[in-house]
Amino acid sequence: MPITSVADQARSYHLRQQHAQVKSDLTRLTQELASGQTSDMTRTLGGDYSALAGIERSLRLTEAYRSAGAEAALVTSSAQSALATVQAELDQIGPSLLAATGVGVSHEMEIVAHSAGDRLNTAIAMLNQEVAGRALFSGTATDTAPLITGDALLTQLAPLAAGATDAADLIAMLDSWFMDPGGGFETLAYQGGTGPAAGFSIAEGETVSNPLTALDPPLRKALMGMALATLVSDGQGPPGDANTREMLEYAALQMIEGNEGITDMRADLGDVEARIEAAQVRGDTARGLLELERNALTSIDPYSVATQLQEAETRLESLYLLTTRLTRLSLTEFMR
């Protein structure tokens with residue numbers, strides 16, 4: 001009959017404690033070896049978290065700048081794409097219409113001008129685009145499309161075409177309507193804000209914004225040219241071949257001049273894109289250095305941890321062996 005003493009109970013309790021401790025050490029060391037990071041930050045840092053807290057704060061700030069930079073890049077690249085589409089429309093009609101007016105054949109001019117209305121609608125649709133909840137060319141009024149529709153624009157211009165006495169008269173009225181400060185374009189066609197859109201903070205002390213709006217003169221000229229060609233194509237404006245030729249020639253020149261100005265606008269936007277890209281590269285470099293610093297503070301020595309893990313496994317095996325022997329211990333075994 002086995003006899004259990006107080007000493008036996010104490011020894012059993014001590015062995016259970018040892019088992020629990022060794023298993024805990026094994027779990028901790030295995031996790032550390034797998035992750036490469038310490039599981040006891042207080043012990044590793046000696047209780048001083050200030051350096052790690054500073055690094056974590058800088059990483060969060062860097063990530064915020066990166067997120068803002070990504071949104072800024074999306075907005076500017078979308079604006080570039082929209083302007084590229086507008087230029088493609090102008091390239092298709094401006095030079096062709098000018099060439100047709102040079103020949104002076106009414107039929108050819110009418111064929112080229114016939115597509116002006118569709119191209120006007122496409123250009124306005126591009127300028128009215130929204131990206132990430134922001135209207136691209138509305139300046140400060142990013143929640144509002146910058147321009148009325150093509151049909152609405154032509155409706156506003158119809159009275160001018162009806163009241164013009166000749167081509168020169170209509171051209172003068174349209175030029176004033178589109179280009180004068182406080183004129184019809186600014187008060188009736190444009191719905192955005194007068195200032196540039198709110199900027200994106202892409203780095204410490206560095207903010208960028210889309211500097212372009214549908215108020216920019218090259219866009220006004222391009223829209224005026226397409227609108228005038230559309231009016232003529234629809235049979236509006238002063239009649240007569242001479243008037244038609246003069247109006248379409250002016251429309252073509254405005255589209256070509258506006259197209260050239262849009263190239264300059266895209267170059268300005270390209271400068272903003274370059275700043276965004278440079279800030280993103282600097283941010284990525286800074287993030288990489290900060291992550292290296294953080295790892296230096298929190299990482300483990302794989303060789304040391306592997307050695308400790310092997311030692312813990314050996315201790316566990318020894319405890320299992322000792323426990324097995326003690327459970328088989330009897331007076332007969334003890335007397336041997």
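What you see below is based on every heavy atom in this structure, not just the backbone, and it leaves out hydrogens, waters and symmetry mates.
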| field | Stepwise salt bridge (charged side-chain N to carboxylate O under 4.0 Å, His left out) check, Glu277 with Arg282 | value | CA-CA 9 Å; Glu277 184 177 357; Arg282 294 196 306 271; over 6 Å; no
| message | Give me the atom names and distance for the closest heavy-atom approach of Ile202 to Gly69. | response | CG2-CA, 3.8 Å
| How many angstroms lie between CG in Asp284 and CD in Gln280, if you round to the nearest 0.5 Å? | 6.5 Å
| Residues in side chain to side chain donor-acceptor pair (under 3.5 Å) contact with Asp169, at least two apart in sequence or another chain | Thr165
| Could you give the distance from OG1 (Thr76) to CZ (Arg275), rounded to the nearest 0.5 Å? | 11.5 Å
| said: Applying salt bridge (Lys or Arg N to Asp or Glu O under 4.0 Å), can you list everything that pairs with Glu63, at least two apart in sequence or on another chain? | reply: Arg287
| task | May I ask you to list the residues sharing a hydrophobic cluster with Ile256, side-chain cutoff 4.5 Å, ordered by chain and number? | result | Leu98, Leu253
| Hydrophobic cluster membership, Ile111 vs Leu97, 4.5 Å side-chain cutoff | no
| message | Using every non-hydrogen atom in the two residues, find where Met255 and Ala229 come nearest and quote the distance to one decimal. | response | CE-CB, 4.4 Å
| said: Quick check: do Leu219 and Met265 have side-chain heavy atoms less than 4.5 Å from each other? | reply: yes
| Taking atom CG of Leu228 and atom OG of Ser233, what is their separation to the nearest 0.5 Å? | 11.0 Å
Residues 208-216 side chain polar contacts: donor-acceptor under 3.5 Å, at least two apart:
residue	atom	partner	partner atom	Å
Asn210	OD1	Leu212	N	3.1
Asn210	ND2	Leu136	O	2.7
Thr213	OG1	Leu215	N	3.1
Asp216	OD2	Thr213	N	3.2

| request: Please report the shortest heavy-atom distance between Leu248 and Ala113, naming the atom on each side. | output: CD2-CB, 4.0 Å
Could you list the donor-acceptor pairs under 3.5 angstrom formed between side-chain atoms of residues 172-181 and any protein atom two or more places apart in sequence or on another chain?
residue	atom	partner	partner atom	Å
Asp175	OD1	Tyr250	OH	3.2
Ser176	OG	Asp180	OD2	2.6

| query | Counting only N and O atoms by type, is there a donor-acceptor contact under 3.5 Å from the side chain of Ser58 to the main-chain atoms of Gly54? | reply | yes
| said: Tell me every residue that passes side-chain contact (heavy atoms from CB on, under 4.5 Å) with Ala82, counting only those two or more places apart in sequence or in another chain. | reply: Met126, Gln129, Phe137
| query | Other hydrophobic cluster members with Tyr65, side-chain heavy atoms of Ile/Leu/Val/Met/Phe/Trp/Tyr under 4.5 Å, chained? | reply | Leu61
| query | Below 4.5 Å, heavy atoms only, C-beta onward: do Leu154 and Thr230 meet side chain to side chain? | reply | yes
Using distance only, find each side-chain donor-acceptor pair of residues 155-163 under 3.5 Å and give its atom names and separation, not counting sequence neighbours.
residue	atom	partner	partner atom	Å
Thr155	OG1	Asp151	O	2.9

| If you take all heavy atoms of Val232 and Thr244, which pair is closest and at what distance? | CG1-CG2, 3.8 Å
| Residues which pass salt bridge (Lys or Arg N to Asp or Glu O under 4.0 Å) with Arg266, listed by chain and number, not counting sequence neighbours | none
| remark: Those residues at least two apart in sequence (or on a different chain) that pass salt bridge (Lys or Arg N to Asp or Glu O under 4.0 Å) with Glu260 are none
| field | Contact check, side chains of Leu147 and Leu223, non-hydrogen atoms, under 4.5 Å | value | yes
List, one per line, each side-chain donor-acceptor pair under 3.5 Å for residues 139-146, sequence neighbours excluded.
none

| remark: By salt bridge (Lys or Arg N to Asp or Glu O under 4.0 Å), Glu71 pairs with (sequence neighbours left out) Arg134
| field | Side-chain H-bond candidate by donor/acceptor type, Gln87 with Thr263, under 3.5 Å | value | yes
| query | Can you tell if the side chain of Leu153 reaches within under 4.5 Å of the side chain of Leu188, non-hydrogen atoms only? | reply | no
| field | Least distance between heavy atoms, Ile262 atom then Pro218 atom | value | N-CB, 3.7 Å
| Separation between NE2 of His114 and CD1 of Ile93, rounded to the nearest 0.5 Å | 10.5 Å
| query | Can you check whether Ile148 reaches Tyr190 side chain to side chain, under 4.5 Å on heavy atoms? | reply | no
| query | With a 4.5 Å heavy-atom cut-off, do Val112 and Thr101 have their side chains touching? | reply | no
